[in-house]
Protein chains: 2
Amino acid sequence: MKKDKLLKVGLKSTAPRIKILHMLEKANPRHVSAENIYKKLLGTGEDIALATVYRVLLQFEQARLIIRHNFEEGRSVFELAEGAHHDHLVCIQCHMVAEFVDAEIEKRQVKIAMQAGFKMTDHHLTIYGVCQQCHQIQT
Amino acid sequence: MKKDKLLKVGLKSTAPRIKILHMLEKANPRHVSAENIYKKLLGTGEDIALATVYRVLLQFEQARLIIRHNFEEGRSVFELAEGAHHDHLVCIQCHMVAEFVDAEIEKRQVKIAMQAGFKMTDHHLTIYGVCQQCHQIQT
DNA sequence: GTCCGTGCAAAGGATTTGCATAATC
DNA sequence: GATTATGCAAATCCTTTGCACGGAC
């Protein structure tokens, strides 16, 4: 139940929060911007202010319900926090995002941070390129 | 000579461009923001508009004289393009940026992109954490 | 009933752009 | 001299914030 999920992280169960959480849970593609969510809500007849979307997303991020990414595109995208850490492939044309994990790369990152005297808190590996679909369209 | 370096990439040799290029060449730390450059220029008595700094940085980026990075901090930082590709370690406290390369990680990225059907154009691996210095200060 | 959440509009920071003037080739 | 650059100020994009009202516990 979404209500319980919110209460568990110390957030009051309000209509906007439940609806935004719902959007994130059924988001396809998984990675969406604040604007995406706002427009989808408008489309279903909901009347939630964009400012509220931003506020709720920030709270969800702090409650670790979602993860915020800042790819090389000047706006944040969010994804539901579930399952393990993973990295991203981003299509520079259609903005599609795919995920991957590589255990060997993960291992080496830890080693590199250690060697540099860094106390690692996070790490992002993003591969930019043109996805198969976009590539075919142009050919 | 900076003048030739500019002409070679098709940019007229103007005073603002030469001075900004100079700032980038002697930047220490190597990674600087537009604001950083603007303020350093002001400090040396130069009177170059911030808008010009942005315009020139964009031109330099397009001419591949510099590389733009958007780390998870809401503003761009630039570094002179010289030497080979490398990845970054960013201190989340003092914003210090260090560089590294790992051949094995590079190899695996190419393979991952290929398997996903991506035509890779770029890739960024950034490790965030607390650098040794910041860590010591707090202890 | 108290406290927190929301909508609205305005503010904010980084970056870009239009326009008239000034510099380079 | 024609074209491209620059300074200035205004505009833009994404995101945050102040305030008065409404809803959750």
Side-chain angles (χ1 to χ4, degrees), chain A residues 1-23 31-42 44-63 65-78 95, chain B residues 1-24 31-42 45-63 65-78 95:
Chain A
M1 191 94 222
K2 290 188 225 332
K3 184 174 169 173
D4 303 325
K5 196 167 175 180
L6 291 172
L7 293 175
K8 201 183 299 177
V9 297
L11 292 172
K12 281 186 188 169
S13 150
T14 65
R17 287 185 184 147
I18 289 174
K19 281 161 191 161
I20 292 171
L21 181 54
H22 182 68
M23 283 291 158
H31 298 73
V32 290
S33 66
E35 191 83 28
N36 286 160
I37 293 178
Y38 174 67
K39 284 188 179 154
K40 266 186 223 167
L41 286 168
L42 281 188
T44 60
E46 301 299 338
D47 191 30
I48 296 177
L50 182 55
T52 299
V53 175
Y54 276 106
R55 264 186 297 234
V56 169
L57 287 173
L58 178 60
Q59 293 158 347
F60 284 4
E61 185 192 1
Q62 291 171 339
L65 292 179
I66 62 175
I67 296 169
R68 177 195 297 252
H69 299 287
N70 292 300
F71 298 128
E72 305 275 306
E73 306 179 316
R75 77 208 148 105
S76 298
V77 296
F78 303 82
H95 298 173
Chain B
M1 191 93 222
K2 288 187 226 337
K3 183 174 171 173
D4 303 326
K5 196 168 173 180
L6 290 172
L7 293 175
K8 200 183 299 177
V9 296
L11 292 172
K12 282 186 188 169
S13 151
T14 66
R17 286 186 185 147
I18 289 173
K19 281 161 191 162
I20 292 170
L21 181 54
H22 182 69
M23 283 290 157
L24 285 159
H31 298 73
V32 289
S33 66
E35 191 83 29
N36 287 160
I37 293 177
Y38 174 65
K39 284 188 178 153
K40 267 187 223 166
L41 286 168
L42 281 188
E46 301 298 340
D47 192 31
I48 297 177
L50 181 55
T52 300
V53 175
Y54 276 107
R55 262 186 298 232
V56 169
L57 287 172
L58 177 60
Q59 294 158 345
F60 283 5
E61 185 193 0
Q62 290 170 339
L65 292 179
I66 62 175
I67 295 169
R68 176 195 297 254
H69 299 289
N70 292 300
F71 298 128
E72 304 275 308
E73 306 178 316
R75 77 208 148 106
S76 298
V77 297
F78 304 83
H95 298 174

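So you know, we letter chains A, B, ... as the sequences are listed, proteins then strands, and number each from 1. Just so you know, these numbers use all the heavy atoms, side chains as well, and skip hydrogens, waters and symmetry mates.
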When the nearest nucleotide of DNA chain C is assigned to A:Ile48 and to B:Ser33 on a heavy-atom basis, which residue is associated with the more 5' position? A:Ile48

For A:Leu11 and B:Leu7, find the nucleotide of DNA chain C closest to each by heavy atoms; which residue's nucleotide sits nearer the 5' end? A:Leu11

For A:Ser76, which contact category applies under a 4.0 Å heavy-atom criterion: base, sugar-phosphate, or nothing? sugar-phosphate

Identify which nucleotide among [options] has an atom closest to any side-chain atom of [X], counting heavy atoms from C-beta outward.
X: A:Ala51; options: D:dA5, C:dA9, D:dG7; result: C:dA9
X: A:Leu50; options: D:dT4, D:dA24, D:dT15; result: D:dT15
X: B:Val56; options: D:dC14, D:dT6, D:dA24; result: D:dT6
X: A:Arg75; options: D:dC14, D:dG7, D:dA5; result: D:dC14
X: B:Tyr54; options: D:dT16, C:dA14, C:dC25; result: C:dA14

Does any N or O in the side chain of A:Arg68 come within less than 3.5 Å of the main-chain N or O of A:Ser76, such that one atom is a donor and the other an acceptor? no

Roughly how many Å is it from [atom1] in [X] to [atom2] in [N], rounded to a whole number?
X: B:Tyr38; N: D:dC8; atom1: OH; atom2: C1'; answer: 11 Å
X: A:Lys8; N: D:dC25; atom1: NZ; atom2: P; answer: 16 Å
X: B:Asp47; N: D:dT6; atom1: CG; atom2: P; answer: 13 Å
X: B:His69; N: C:dT15; atom1: NE2; atom2: C1'; answer: 18 Å
X: B:Lys19; N: C:dT24; atom1: NZ; atom2: P; answer: 10 Å
X: A:Gln59; N: C:dT6; atom1: CD; atom2: P; answer: 7 Å

Look at B:Thr14 and D:dA5 and indicate whether a side-chain polar atom (N or O) is within less than 4.0 Å of OP1 or OP2. no

Look at the side chain of B:Arg55 against the base of C:dG18 and say whether a donor-acceptor pair falls under 3.5 Å; ignore hydrogens and angles. yes

With a 4.5 Å limit on heavy-atom distance, are the side chains of A:Leu58 and A:Arg55 in contact? no

Just how far is it from atom [atom1] of [X] to atom [atom2] of [Y], taken to the nearest 0.5 Å?
X: B:Gln59; Y: B:Ile66; atom1: CD; atom2: CD1; answer: 10.0 Å
X: B:Met23; Y: B:Glu46; atom1: CE; atom2: CD; answer: 7.0 Å
X: B:Tyr38; Y: B:Ile20; atom1: OH; atom2: CD1; answer: 11.5 Å

